[in-house]
Amino acid sequence: MHIKKLVLDNFKSFGRPTEIPFYEDFTTVSGPNGSGKSNIIDSVLFALGLARTRGIRAEKLTDLIYNPGHADADEESSGAREASVEVILDNSDGVLDRAQVVNAAGSENVDDVDEITIKRRVKETDDNYYSYYYLNGRSVNLSDIQDLLAQAGVTPEGYNVVMQGDVTEIINMTPYERRQIIDEIAGVAEFDAKKEDALEE
Ligand code: ATP
Ligand code: MG
């Protein structure tokens, strides 16, 4: 399973719909400082529900919407107070359980799910904001997306994404904290958490 393509619309510095292709093995993104490389990573974390706003470098969710007033922003935008990110996954190896996708997305054909589209949208109104998730076009809850991605070991607590500064942070940790990371990566932490939940009940 791998990311095949991202579609960013009105997200951070991407004022118009932008498609970003990813290759199966290795993809690098290069560009000058401030050109939006990290914003691309932020978009993945946002769409897959993997980070709180701090993790995607925003005070609040609505800061993720393209703001033409931003110093470096010069693209034309639709002006809508809405942003969306689509992550298109290649699941032809079936790492994500097809039946579960079919169930959550409500599609009819199990063969339809070699390609999975996860989309998140944030919309701002005069006095509020709303966030929506979609799986293959159908509105779902974050937990549906999380349950699905967990099958591929992609979780909010996981270390699928190594952010700027993470390595230094790990070096500066206490041995106990470092051990917690190893538990997380080895998949032990998940069972510790489940055990704790069970004991509480
Ligand atoms: P570096 O090489 O320094 O790490 P980078 O390519 O990772 O740079 P980013 O951090 O992805 O750059 O992009 C930063 C740019 O995104 C800034 O110029 C900032 O103005 C712009 N930006 C962030 N949020 C928004 C927004 N909501 N609307 C418009 N532009 C935004
Ligand atoms: Mg950066």
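Just follow the structure's listing: the first ligand is 1, and inside any ligand the first atom is 1. Residues take their numbers from the sequence shown, with the count starting at 1.
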>> Regarding K195 and D192, does a basic nitrogen lie under 4.0 Å from an acidic carboxylate oxygen?
In response: no
> Which residues satisfy the side-chain contact (heavy atoms from CB on, under 4.5 Å) test with D166, sequence neighbours excluded?
Replying inline: V162, M163, E169
> Is the shortest N/O to N/O distance between I65 and ligand 1 below 3.5 Å?
Replying inline: yes
> Would Y129 and R81 count as having a side-chain donor-acceptor pair, cut-off 3.5 Å?
Replying inline: no
>> Looking at ligand 1, is there an atom of it that comes within less than 4.0 Å of some heavy atom belonging to G31?
In response: no
> Does ligand 1 have an atom that lies less than 4.0 angstrom from a heavy atom of A58?
Replying inline: no
> Taking only residues at least two apart or on different chains, which pairs with a member in residues 18-27 satisfy salt bridge (charged side-chain N to carboxylate O under 4.0 Å, His left out)?
Replying inline: K5-E19
> Do any pairs count as a salt bridge (charged side-chain N to carboxylate O under 4.0 Å, His left out) and have a residue in residues 134-155, sequence neighbours left out, and if so which ones?
Replying inline: none
>> Please work out, at 4.0 Å between heavy atoms, whether the side chain, the backbone, both, or neither of P32 comes within that distance of ligand 1.
In response: backbone
>> Please classify the D63 to ligand 1 contact at 4.0 Å (heavy-atom distances, strictly less than): side chain, backbone, both or neither.
In response: backbone
> Once you round to the nearest 0.5 Å, how far does CG of L48 lie from CG of L89?
Replying inline: 6.5 Å
> Hey, which protein N/O/S atoms does the Mg ion (ligand 2) have under 2.8 Å?
Replying inline: S38 OG
